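Treat the numbers as computed from the prediction; the structure is a model and nothing was measured.
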Amino acid sequence: MDMKSQMIKIRNLPSFPVVIDSISVKPILTLVLAIFAGILIIVVYPYLSYIGATLVAMATFSMLIMPDRKFMEITSDYVILYNCKDESYCKIVYWDEILSWQYHWHNDYDELIIELCDHSIEKISAYSRRRFTKYFKLYASGKEKKVKR
């Protein structure tokens with residue numbers, strides 16, 4: 001079977017189809033909410049201002065200083081995985097070539113495991129299943145393997 005899914009240089013990514021969603025490792029929304037919560041604590045509960053200031057400082061540091069990297073990009077035809085050892089490469093996985101996918105939860109990290117039609121396995125360290133599973137359920141529906149905890 002000739003597979004369309006392949007490893008390519010990032011600079012050679014096709015411009016069509018358009019990327020629907022780009023998922024990064026850093027949880028920007030959570031960090032912004034933490035900053036607002038810290039400010040709210042400082043204003044409403046002045047006696048807890050040290051907690052609010054610590055929350056604002058940690059969230060601001062995480063947002064501005066900590067590195068971020070692209071985890072995956074979703075299109076209507078394929079998903080682009082950025083988990084290659086060489087950071088100039090990425091893997092395009094076509095939705096119709098996914099045999100199964102599953103999300104494994106571990107104490108220290110989570111993992112997305114994708115099995116392709118040629119029985120090759122793609123494993124990606126993940127930090128939150130919420131953003132990408134909706135796309136896998138939409139475009140690779142019926143292919144999820146449930147994991148018993």
Side-chain angles (χ1 to χ4, degrees), residues 1-42 52-149:
M1 171 182 237
D2 197 24
M3 298 282 291
K4 296 182 290 185
S5 298
Q6 60 184 314
M7 184 99 56
I8 64 168
K9 285 224 177 242
I10 292 173
R11 69 172 184 249
N12 295 333
L13 280 170
S15 58
F16 187 81
V18 177
V19 172
I20 297 169
D21 197 357
S22 182
I23 302 170
S24 297
V25 173
K26 196 183 291 187
I28 299 295
L29 180 63
T30 304
L31 294 172
V32 169
L33 290 175
I35 290 171
F36 284 127
I39 293 170
L40 189 65
I41 288 171
I42 292 169
T54 303
L55 189 60
V56 169
M58 288 176 58
T60 303
F61 175 79
S62 296
M63 254 179 80
L64 300 177
I65 307 299
M66 298 290 289
D68 193 12
R69 67 178 175 83
K70 211 179 281 187
F71 172 61
M72 73 173 57
E73 288 184 323
I74 310 291
T75 73
S76 59
D77 292 341
Y78 51 80
V79 59
I80 305 166
L81 305 174
Y82 293 93
N83 65 320
C84 301
K85 289 183 179 162
D86 183 348
E87 293 181 5
S88 65
Y89 282 88
C90 63
K91 173 97 182 207
I92 292 181
V93 176
Y94 283 82
W95 296 114
D96 59 348
E97 293 183 345
I98 294 176
L99 189 61
S100 67
W101 66 275
Q102 56 188 323
Y103 187 83
H104 274 274
W105 178 84
H106 302 284
N107 287 336
D108 50 349
Y109 69 96
D110 295 350
E111 193 173 49
L112 173 64
I113 301 170
I114 302 170
E115 183 179 3
L116 299 175
C117 291
D118 65 352
H119 298 288
S120 62
I121 304 287
E122 287 293 321
K123 292 184 178 184
I124 304 107
S125 294
Y127 303 98
S128 172
R129 70 179 294 158
R130 184 176 29 113
R131 288 234 10 233
F132 66 83
T133 53
K134 66 181 177 184
Y135 297 111
F136 276 81
K137 289 180 179 182
L138 175 66
Y139 294 115
S141 62
K143 298 179 181 181
E144 180 180 10
K145 281 186 180 176
K146 299 289 182 182
V147 177
K148 295 179 184 173
R149 283 193 179 187

Side chain to side chain, [X] and [Y], heavy atoms closer than 4.5 Å:
{"X": "I74", "Y": "V19", "value": "no"}
{"X": "T75", "Y": "F16", "value": "no"}
{"X": "L13", "Y": "I92", "value": "yes"}
{"X": "E115", "Y": "K145", "value": "yes"}
{"X": "I20", "Y": "Y135", "value": "yes"}

**Prompt:** Of R131, R130, K134, which is the lone residue that meets salt bridge (charged side-chain N to carboxylate O under 4.0 Å, His left out) with D21?
**Reply:** R131
**Fill in**
Sequence neighbours excluded, the answer for ring pair (Phe, Tyr, Trp, His ring centres under 6.0 Å) partners of W95 is F136, Y139
**Prompt:** Does NZ belonging to K123 count more than 12 external heavy atoms closer than 6.0 Å?
**Reply:** no
**Message:** Using a 6.0 Å cut-off, check whether atom CD of E111 has over 12 heavy atoms from anything other than its own residue.
**Reply:** yes
**Asked** Ion pair present between D110 and R129, side-chain N to carboxylate O less than 4.0 angstrom?
**Response** no
**Trace of the side chain to side chain donor-acceptor pair (under 3.5 Å) decision for Y82 with E73** = CA-CA 8 Å; Y82 293 93; E73 288 184 323; 2.8 Å; yes
**Message:** For the backbone of N83 and the side chain of K91, can you confirm whether one donor and one acceptor N or O come within less than 3.5 Å of each other?
**Reply:** no
Distance from [X] atom [atom1] to [Y] atom [atom2], nearest 0.5 Å?
{"X": "E97", "Y": "K4", "atom1": "CD", "atom2": "NZ", "value": "5.5 Å"}
{"X": "L31", "Y": "M58", "atom1": "CG", "atom2": "CE", "value": "10.0 Å"}
{"X": "K70", "Y": "S24", "atom1": "NZ", "atom2": "OG", "value": "7.0 Å"}
{"X": "I10", "Y": "I80", "atom1": "CD1", "atom2": "CD1", "value": "9.0 Å"}
{"X": "M72", "Y": "I124", "atom1": "CE", "atom2": "CD1", "value": "5.5 Å"}
{"X": "D96", "Y": "Y78", "atom1": "CG", "atom2": "OH", "value": "12.5 Å"}

**Message:** To check you understand the geometry: which heavy-atom pair defines the closest contact between A126 and Y103, and what is its length?
**Reply:** CB-CE1, 3.8 Å
**Message:** Restricting to non-hydrogen atoms, name the atom on D118 and the atom on S120 that form the minimum distance, rounded to 0.1 Å.
**Reply:** OD1-OG, 2.7 Å
**Asked** Can you check side chain to side chain contact (heavy atoms under 4.5 Å, CB included) on L99 and L116, steps first, answer last?
**Response** CA-CA 5 Å; L99 189 61; L116 299 175; 6.0 Å; no
**Request:** Please report the C-alpha distance between L81 and C90 in whole Å, then the side-chain angles of each, then the deciding distance to 0.1 Å, and finally whether the side chain to side chain contact (heavy atoms under 4.5 Å, CB included) criterion is met.
**Result:** CA-CA 6 Å; L81 305 174; C90 63; over 6 Å; no
